[in-house]
Amino acid sequence: GTVVVDLTGMAISDLSPIVNMSLQELNLQDVHFSSVDVLDAYLADIVEYYGNRRNCTVRLSTEPTEIGMTAIQTIINEPEWNEAGKWKFIINGVEYTQE
């Protein structure tokens, strides 16, 4: 399967096609989302449909809203999800990961 997706600079109105992919790297830098809700929905869906996915490094230049940040906090603070490797969210150069 696909382990790296780079959508840098794309115009995106829906991320649901990649929700169930077990990616190792996702680059969403300089993406033009139709609405920040698209990003928030993707992050919330990862939490809701976590399943048996591997850890991933997600690079963003768009700040999620409180909904998206809550999803990120859930992902990085769930010990079981970070057992094999730590999830990382890098938003405008600031890294969020399990300590």
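Note: hydrogens, waters and symmetry copies are ignored here, and every other heavy atom, side chains too, is used.
- Both L43 and L7 belong to a single network of hydrophobic side chains, linked directly or stepwise wherever heavy atoms of I, L, V, M, F, W or Y lie under 4.5 Å apart.
- When all heavy atoms of C56 and L23 are compared, the closest pair comes out as CB-O, 3.3 Å.
- A donor-acceptor pair is defined here as one N or O able to donate and one able to accept, closer than 3.5 Å; no such pair exists between the side chain of T2 and the backbone of V4.
- Of the inter-residue distances, the one linking T74 atom OG1 with M69 atom CE reads 11.0 Å to the nearest 0.5 angstrom.
- The two residues A44 and A71 come nearest to each other via the heavy atoms N-CB, 3.9 Å.
- With hydrogens and angles left out, the side-chain atoms of N27 and T8 include a donor and acceptor closer than 3.5 Å.
- The two residues V31 and T62 have their closest heavy-atom pair at O-OG1, 3.9 Å.
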Practice problem: Just do the side chain to side chain contact (heavy atoms under 4.5 Å, CB included) check on Y42 and I46 with the steps written out, would you? | Solution: CA-CA 6 Å; Y42 172 75; I46 289 175; 3.4 Å; yes
Residues Y96, I90; criterion side chain to side chain contact (heavy atoms under 4.5 Å, CB included); working and verdict:
CA-CA 6 Å; Y96 300 85; I90 303 167; over 6 Å; no
* Apply side chain to side chain contact (heavy atoms under 4.5 Å, CB included) to F89 and I76, showing your working. => CA-CA 9 Å; F89 292 87; I76 65 174; 3.9 Å; yes
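- Both V94 and I75 belong to a single network of hydrophobic side chains, linked directly or stepwise wherever heavy atoms of I, L, V, M, F, W or Y lie under 4.5 Å apart.
- A pairwise comparison of heavy atoms in I91 and E63 identifies CG2-OE2, 3.7 Å as the closest pair.
- Both M10 and L28 sit in one connected hydrophobic cluster of ILVMFWY residues. Membership requires side-chain heavy atoms under 4.5 Å apart, directly or through other members.
- Taking CD of E83 as the reference point, atom CD of Q98 lies at 9.5 Å (rounded to 0.5 Å).
- Under the 3.5 Å distance criterion, the side-chain polar atoms of N82 are matched with a main-chain donor or acceptor of W87.
- In this structure, CG in D14 is found 11.0 Å from CZ in F33, a value given to the nearest 0.5 Å.
- Relative orientation of the Y50 and W81 rings is parallel, given thresholds of 30° and 60° on the angle between their planes.
- Looking only at distances, no side-chain donor or acceptor of T57 sits under 3.5 Å from a matching main-chain atom of E25.
- Other residues, nucleotides and ligands place no more than 12 heavy atoms under 6.0 Å from the CD atom of E80.
- Side-chain polar atoms of N92 and S61 form no donor-acceptor pair below 3.5 angstrom.
- The hydrophobic clustering, which links ILVMFWY residues whose side-chain heavy atoms are closer than 4.5 Å, places L60 and M21 together.
- Of the possible donor and acceptor atoms, one in the side chain of N55 sits under 3.5 Å from a partner among the backbone N and O of K86.
- Residue L15 comes nearest to L39 through the heavy atom pair CD1-CA, 4.5 Å, listed as atom of the first residue, atom of the second, then distance.
- Interatomic distance, CG of D6 versus CZ of R59, reported as 10.0 Å (0.5 Å rounding).
- For R54 (side chain) and S22 (main-chain N/O), a donor-acceptor pair under 3.5 Å exists by modelled atom type.
- Hydrophobic clustering places L26 together with V19 (ILVMFWY residues linked when any side-chain heavy atoms are closer than 4.5 Å, directly or through intermediates).
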